[in-house]
Amino acid sequence: KKMEDERFPIIDISKLVESQGKDEAILNEAAKELMDGFSKWGFIYLRGHPIAKESIEKMFRDSEGFFKQPIEKKNEVLIDGADIDYVMGYVPFKKQTFDYSKPFDLKEAFDYMHHMKPEMKSKLSPAFFELFKDFFTQCHDLTLLLFRLLATSLGLEDLEFFHKAHDKLGRLGNTSIMRSLYYPAKEKSEILEEQSRCSEHTDYGTITLLFPKSKGLEVKSPSGHFIKAKVIPGTIVVNAADLLERWSSGRIKSTPHRVTIQTSDMSKPRQSMAFFVSPDNDCLVECLDGSNKYEPVNSFKYLDGRFKYNMIKS
């Protein structure tokens, strides 16, 4: 099999969306495809999802407007890295890293949570706030359907298992975030050796919904090398994260991925959006098959540890 032929699977969920996950035959078929993709790759493409193309385009457009503001303006809504209950606001360059042995990643971001400190909300334009609130809600609704699919794929009797573990999603007590990412254009001479747009990492929580606008994402394939993920119009990339790997006793993979610098593309900025789904802070994540392949961990403790490790101390 040629390297460039390798691609994680596309799952069409239009029938699942139509039946709201209630039709058992449709649910079982989609669950089988999901497990197939998640156990081999840890990544899938979702086609036939309910998130409107116009919503996605508006998110990209208005986010770009935010990132193109002067740094002083963006710093008015600077993130407070110390308080994981409210990881909300602007994430500047050099604020986060996944690999301390390499130069900082060439990216900036804006993180949104439904629950936020009033002083943060007062600094955002009402239109910008509403835009993120609406998009967060759309991603949340889709995630609830995916939870049902996940429970089915893992053969759980309780199809509401993941709903209960993420009961506070969008409220205080859960750290799921909507992140808008911006990778600015750079001249070749400005790029340091071994620098990338986003270093190799795995995601921390349960699953991530990813909306890439242009190429750059690379995913570690089952054969161990990185493949360039194609951008397939109308699809969302969904990947499994660390805590889901633990819940599934390793049946599902939390796969390393990165955004490399392709010097041919560096003259153009790159954007993407990610909805990072995490369990509730008080959730104990343990192997669902009763094995002890992974030790039980408290969700908040795990996420907080990973998050603080990747926050560069200023």
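Every value quoted in this text rests on a predicted model; they were computed, and no experiment measured them.
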Validation row: Leu209, Leu46 side chains within 4.5 angstrom (heavy atoms): no
Considering all heavy atoms of both residues, which atom of Leu142 and which atom of His49 are nearest to each other, and what is their separation? CD2-CB, 4.2 Å
Indicate the atoms forming the closest heavy-atom contact of Thr235 with Ile232, along with that distance. OG1-O, 2.6 Å
Using modelled atom types and a 3.5 Å cut-off, is there a donor and acceptor pairing between side-chain atoms of His225 and backbone atoms of Lys220? no
Under the criterion side chain to side chain contact (heavy atoms under 4.5 Å, CB included), I'd like the reasoning laid out for Val219 against Phe226: C-alpha separation, chi angles, the key distance, then a yes or no. CA-CA 5 Å; Val219 173; Phe226 278 92; 5.6 Å; no
Between Phe43 and His257 (judged by ring centroids, cut-off 6.0 Å), do the two rings come close enough to count as a pair? yes
Say whether, by atom type as modelled, one donor and one acceptor occur between the side chain of Asn298 and the main chain of Asn281 under 3.5 angstrom. yes
Salt bridge or not between Asp36 and Lys40? Use side-chain N to carboxylate O under 4.0 Å. yes
Pick from Arg171, Lys133, Met88: which one makes a side chain to side chain contact (heavy atoms under 4.5 Å, CB included) with His114? Lys133
Would you tell me whether Tyr90 and Asn75 have side-chain atoms, one donor and one acceptor, within less than 3.5 Å of each other? no
Would you call Asp23 and Lys15 a salt bridge, using N to O less than 4.0 angstrom? no
State which residues pass salt bridge (charged side-chain N to carboxylate O under 4.0 Å, His left out) with Lys121; sequence neighbours excluded, sorted by chain then number. none
Using 4.0 Å as the upper bound for N to carboxylate O, is an ion pair formed by Arg251 and Asp289? no
Tell me the closest heavy-atom pair linking Val285 and Pro279, and the distance in Å. CG2-CG, 4.4 Å
Can a salt bridge be assigned to the pair Lys32 and Glu29 using a cut-off of 4.0 Å between side-chain N and carboxylate O? no
What distance do Gln20 atom CD and Asp141 atom CG have between them, rounded to the nearest 0.5 Å? 10.5 Å
Please identify each residue that fulfils ring-ring contact (aromatic ring centres under 6.0 Å, His included) with Phe132, with sequence neighbours left out. Phe110, Tyr112, Phe128
Ring-plane angle category for Phe136 and Phe275, please: parallel below 30°, perpendicular beyond 60°, tilted otherwise. perpendicular
Please verify the inter-ring angle class for Trp247 with His166; under 30° counts as parallel, over 60° as perpendicular, anything in between as tilted. tilted
Flag yes if more than 12 heavy atoms outside Lys74 fall under 6.0 Å of its NZ atom; otherwise flag no. yes
Is a salt bridge present between Asp12 and Arg47, judged by a nitrogen-to-oxygen distance below 4.0 Å? no
Note: Glu54-Lys58 ion pair, threshold 4.0 Å (strictly below): no
How long is the span from the OG1 atom in Thr208 to the CZ atom in Arg179, to the nearest 0.5 Å? 10.5 Å
Check this for me, if you would: do Glu64 and Lys68 make a salt bridge, where the nitrogen-to-carboxylate-oxygen distance has to be below 4.0 angstrom? yes
Between Arg258 and Glu218, is there a salt bridge with N-O shorter than 4.0 Å? yes
Taking every heavy atom of Trp41 against every heavy atom of Pro9, the minimum-distance pair comes out as CD1-CD, 4.0 Å
Can you name the nearest heavy-atom pair linking Ser278 to Gly205, along with the distance? OG-CA, 4.1 Å
With distance as the sole criterion, is a donor-acceptor pair present between the side chains of Ser180 and Gln271 under 3.5 Å? no
Inspect the contact between Arg148 and Glu160 and indicate whether a charged nitrogen and a carboxylate oxygen are less than 4.0 angstrom apart. yes
Tell me, yes or no, whether the heavy-atom count around Glu295 atom CD, taken from other residues, nucleotides or ligands under 6.0 Å, exceeds 12. no
Kindly determine whether Leu154 and Phe162 satisfy side chain to side chain contact (heavy atoms under 4.5 Å, CB included), including the steps that lead there. CA-CA 11 Å; Leu154 286 165; Phe162 289 107; 3.8 Å; yes
Under 6.0 Å from the CG atom of Asp158, do we count more than 12 heavy atoms belonging to anything else shown? yes
Side-chain heavy atoms nearer than 4.5 Å, only ILVMFWY residues, links allowed to pass through others: does that put Leu78 and Met178 together? yes
For Glu18, what residues pass the side chain to side chain contact (heavy atoms under 4.5 Å, CB included) criterion, not counting sequence neighbours? none
Please report the C-alpha distance between Phe211 and Phe135 in whole Å, then the side-chain angles of each, then the deciding distance to 0.1 Å, and finally whether the ring pair (Phe, Tyr, Trp, His ring centres under 6.0 Å) criterion is met. CA-CA 12 Å; Phe211 302 80; Phe135 202 74; 5.2 Å; yes
Distance from Ser122 atom OG to Lys117 atom NZ, nearest 0.5 Å? 12.5 Å
Between Gly250 and Lys293, the two heavy atoms sitting closest are CA-NZ, 4.3 Å
Regarding Asp203 and Asn239, do their side chains bring together a donor and an acceptor under 3.5 Å, going by distance alone? yes
Using the rule that two of Ile, Leu, Val, Met, Phe, Trp, Tyr join whenever any of their side-chain heavy atoms come within less than 4.5 Å, decide whether Leu284 and Val277 are in one cluster. no
